Amino acid sequence: QVQLVESEGGSVQAGGSLSVSCSATGRDFSMETMAWFRQAPGKEREFVAAVNWIGSNTYYADSVKGRFTISRDNGVNMVMVYLQMNSLTPDDTGVYFCAAKRALDTYDYDVNAMDSWGKGTLVTVSS
């Protein structure tokens, strides 16, 4: 059974930091691109960051570049994906989703291009 499970999000004041993680099990995610998306209230889901299969390439939305860091750990039966978020602003508030794409690397980060999704975790940044 394929599962992507995000860690609990949380609440933080503007300027603070927060880290979320995702555990991916049920198939060999070590050969897949992993990504984070987010969805703010009333808005569409948007790409945040991605990392290729071996962690050598990372990609970020312009809105988070320089503030967020994505990383991964390819375990034997589980892949962990991390998102370190610094200098948070209220605009970073939303439900953060872990996603996987069956590709070693990709430049296609459209929501519809992802193959598997987690259920999401809420991150709230207050001003």
Side-chain angles (χ1 to χ4, degrees):
Q1 181 182 0
V2 172
Q3 282 191 310
L4 279 71
V5 180
E6 297 91 348
S7 63
E8 188 172 344
S11 298
V12 64
Q13 288 194 323
S17 299
L18 198 63
S19 179
V20 291
S21 64
C22 167
S23 62
T25 58
R27 69 172 186 249
D28 188 5
F29 286 96
S30 67
M31 303 293 283
E32 301 188 18
T33 292
M34 302 298 294
W36 287 95
F37 287 73
R38 69 186 180 189
Q39 188 165 16
K43 294 187 177 181
E44 294 186 349
R45 195 171 299 188
E46 64 176 3
F47 169 73
V48 173
V51 58
N52 71 338
W53 70 289
I54 204 171
S56 58
N57 293 333
T58 55
Y59 310 92
Y60 298 94
D62 288 342
S63 59
V64 307
K65 205 170 292 184
R67 301 188 298 120
F68 289 15
T69 302
I70 187 172
S71 60
R72 67 185 292 160
D73 181 10
N74 290 341
V76 175
N77 295 311
M78 179 173 65
V79 167
M80 293 295 299
V81 188
Y82 306 95
L83 185 68
Q84 175 66 42
M85 303 177 284
N86 298 327
S87 301
L88 286 160
T89 75
D91 287 340
D92 295 315
T93 293
V95 177
Y96 282 69
F97 297 89
C98 179
K101 181 175 172 63
R102 285 193 176 101
L104 296 178
D105 206 339
T106 181
Y107 292 106
D108 183 5
Y109 302 115
D110 187 86
V111 168
N112 295 319
M114 297 295 119
D115 295 304
S116 300
W117 290 91
K119 294 183 178 179
T121 186
L122 179 62
V123 172
T124 303
V125 184
S126 58
S127 58

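Each residue takes its place number in the sequence, starting with 1. Small disclaimer: the values here were computed from a predicted structure and weren't measured.
Each salt bridge (Lys or Arg N to Asp or Glu O under 4.0 Å) pair with one or both residues in residues 18-29, not counting sequence neighbours, appears once here: Arg27-Glu32. For residues 92-127, every residue pair satisfying the disulfide bond (SG atoms under 2.5 Å apart) rule, not counting sequence neighbours, is listed here: Cys22-Cys98. Sorted by first then second residue, the salt bridge (Lys or Arg N to Asp or Glu O under 4.0 Å) pairs that include residues 48-62, not counting sequence neighbours, are Asp62-Lys65. Residue pairs satisfying the disulfide bond (SG atoms under 2.5 Å apart) criterion with at least one member in residues 24-81, sequence neighbours excluded, are absent. Applying the disulfide bond (SG atoms under 2.5 Å apart) definition to pairs two or more places apart or across chains, none involves residues 27-56. Note on residues 70-84: pairs passing side-chain hydrogen bond (donor to acceptor under 3.5 Å, both in side chains), not counting sequence neighbours, are Arg72-Asn74, Gln84-Asn86.
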*asked:* Quick one, Tyr59 with Asp105, criterion side chain to side chain donor-acceptor pair (under 3.5 Å). Give me CA distance, side-chain angles, the key distance, then yes/no.
replied: CA-CA 10 Å; Tyr59 310 92; Asp105 206 339; 2.9 Å; yes
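Leu18 and Val95 fall into different hydrophobic clusters, defined by Ile, Leu, Val, Met, Phe, Trp and Tyr side-chain heavy atoms under 4.5 Å apart, directly or through other members.
Within a 6.0 Å sphere centred on CD of Gln13, other residues, nucleotides and ligands contribute 12 heavy atoms or fewer.
Note: Ser19 OG to Met85 CE = 7.0 Å, rounded to the nearest 0.5 Å. The OH atom of Tyr107 sits 6.5 Å away from the CG atom of Asn57 when rounded to the nearest 0.5 Å. Atom CZ of Arg102 sits about 7.5 Å away from atom CZ of Phe29, to the nearest 0.5 Å. Considering OG of Ser21 and OH of Tyr96, their distance stands at 14.5 Å, rounded to 0.5 Å. A distance of 10.0 Å separates CG in Asp115 from OG1 in Thr33, rounded to the nearest 0.5 Å. With rounding to the nearest 0.5 Å, the separation of CZ in Phe97 from CD in Gln39 is 5.5 Å.
Annotation for Leu4 and Ala100: closest pair CD2-N, 4.0 Å, computed over non-hydrogen atoms. Closest approach of Met114 to Tyr109, counting heavy atoms only: CE-CA, 4.1 Å.
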Show which side-chain atoms of residues 117-127 pair as donor or acceptor with protein atoms under 3.5 Å away, not counting sequence neighbours.
from: Thr121; atom 1: OG1; to: Ser7; atom 2: O; distance (Å): 2.8
from: Thr121; atom 1: OG1; to: Gly9; atom 2: N; distance (Å): 2.6

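Side-chain heavy-atom separations under 4.5 angstrom define the hydrophobic clusters, and the remaining members of the one that includes Leu104 are Met31, Trp53, Ile54.
Checked against salt bridge (Lys or Arg N to Asp or Glu O under 4.0 Å), Asp110 has no partners two or more places apart in sequence or in another chain. For the side chain to side chain contact (heavy atoms under 4.5 Å, CB included) test, residues two or more places apart in sequence or in another chain that qualify with Ala49 are Tyr60, Ile70, Leu83. Qualifying side chain to side chain donor-acceptor pair (under 3.5 Å) partners for Lys43, counting only residues two or more places apart in sequence or in other chains: none. Taking the salt bridge (Lys or Arg N to Asp or Glu O under 4.0 Å) definition, one finds that Arg67 meets it with Asp92, sequence neighbours left out.
Taking the six-membered ring where tryptophan is involved, the planes of Phe47 and Phe37 are perpendicular, since the angle between them exceeds 60° and thus also 30°.
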